[in-house]
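See structure below.
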Amino acid sequence: MRSISSGRHHATFEFGDLRVISLRDGYIDMPPTRLRTEDGCVLGELPPSVPLVGDNLRLSVNAFFVTDGTRSVLIDTGASDNWHDPTMGLIYDALDEAGIDRARITDVAITHNHEDHVSGLIAPGGSQAFPGLERVWIGAGDTSVFTGRLAPILDRVVPVSELVSINEWATAIPTPGHTPGHTVYEIRSGAGHLIVWGDTVHVPTLQFERPGVSWEFDGDQSQARTARAALLERLTRPHHFVAGAHLDSPGIARVSASGAGYALEYLAPPIG
Ligand SMILES: [Zn+2]
């Protein structure tokens, strides 16, 4: 897998016969007190290697578009204008910049029902962001989000409760923990396996080295920790890559074992 081009809000990767395009929706600033130790306590002192912006951690917010030229899937959709601070909602600019016609997107796969992942199905102003949408794959435990603002999408929801193929090269894998319906998507090509893992890690400068550290919004911290451990171990296999919603944009990396934890190596320089 290799980076072949990038812009302000997107980066394109060649992945065998597939193209993977990382789309930057923006960022979220959150206080480090959201980090939790293995005992569920607020993490004490942060290592100096974890950067802060003011007093906050800055989390990138990414979505990913994968295509073989005929079939495509958009994984996550950003926050649109549905967040208290206007730091997100760039996905539509990112799609334009990458030359992706929103009207031709038929399949969206959602990692979980939090606003920075699902809200972009509705564009600012209230119209449907993807007018040709046919299917929205999402974990069965997370489908209750399709009310109110998202109610117009409900008729296209495909609940995922077990391993299921979206197409010849994309598989939905339930990984409950962060939310009951949290789902990762495995993309396979001749170049290997890409795991698009949603909110498995929120703070990459800390949680690879210390994968036992959790996030306040991991609904079931112990289950989220178990899911994270299994995915990280799997990603150390040859020809495996990760795409993370909150890894530093563009958010695609290789993972290796390192000491008691893991190390990540980004495949492209930062954007945004
Ligand atoms: Zn998130």
Side-chain angles (χ1 to χ4, degrees), residues 9 22-36 43 50 53 56-65 74-92 94 108-122 129 136-139 141-146 149-150 160 172-185 194-208 211 213-221 223-225 227-228 231-232 242-253 264 270-272:
H9 300 310
S22 171
L23 303 158
R24 177 176 179 269
D25 193 55
Y27 65 86
I28 311 175
D29 285 342
M30 290 273 178
T33 49
R34 301 235 187 272
L35 289 162
R36 293 288 181 274
L43 190 79
V50 179
V53 180
N56 286 319
L57 299 159
R58 179 158 289 180
L59 281 58
S60 290
V61 179
N62 307 307
F64 300 93
F65 179 81
L74 173 65
I75 304 172
D76 284 339
T77 64
S80 187
D81 60 349
N82 197 31
W83 193 260
H84 44 82
D85 295 321
T87 60
M88 290 179 278
L90 293 171
I91 192 173
Y92 314 111
V108 170
I110 298 290
T111 58
H112 65 290
N113 64 9
H114 289 166
E115 285 174 357
D116 49 324
H117 301 261
V118 73
S119 293
L121 287 164
I122 300 292
V136 179
W137 309 78
I138 184 169
D142 282 11
T143 54
S144 60
V145 74
F146 291 97
R149 183 177 173 277
L150 290 173
V160 172
I173 306 172
T175 50
H178 180 62
T179 62
H182 192 271
T183 301
V184 306
Y185 296 91
L194 172 69
I195 309 289
V196 186
W197 77 358
D199 278 19
T200 300
V201 158
H202 293 82
V203 183
T205 48
L206 183 64
Q207 288 179 287
F208 281 86
V213 172
S214 275
W215 189 241
E216 181 181 3
F217 302 137
D218 287 337
D220 183 325
Q221 305 233 331
Q223 203 178 27
R225 203 172 284 119
R228 182 164 51 252
L231 286 166
L232 282 166
V242 65
H246 301 306
L247 302 186
D248 297 342
S249 302
I252 295 188
L264 87 166
I271 57 169

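All ligand and atom numbering here is 1-based and tracks the order in the structure. Keep in mind that this is a model prediction, so the values were computed, not measured.
Remark: the Asp142 side chain and the His114 side chain contain no N/O donor-acceptor pair separated by less than 3.5 Å. A donor-acceptor pair shorter than 3.5 Å cannot be found between the side chains of His246 and Asn62.
We find that Arg149 and Asp81 are joined by a salt bridge, their nearest charged nitrogen and carboxylate oxygen being less than 4.0 Å apart.
The Zn ion (ligand 1) lies under 2.8 Å from an N, O or S atom belonging to His246.
One finds an angle of 100° at the Zn ion (ligand 1) between OD2 on Asp199 and NE2 on His117, to the nearest 10 degrees.
Across all their heavy atoms, Asp25 and Gly78 have their closest contact at OD2-CA, 3.2 Å.
Closest to the Zn ion (ligand 1) among the N, O or S atoms of Asp116 is OD2.
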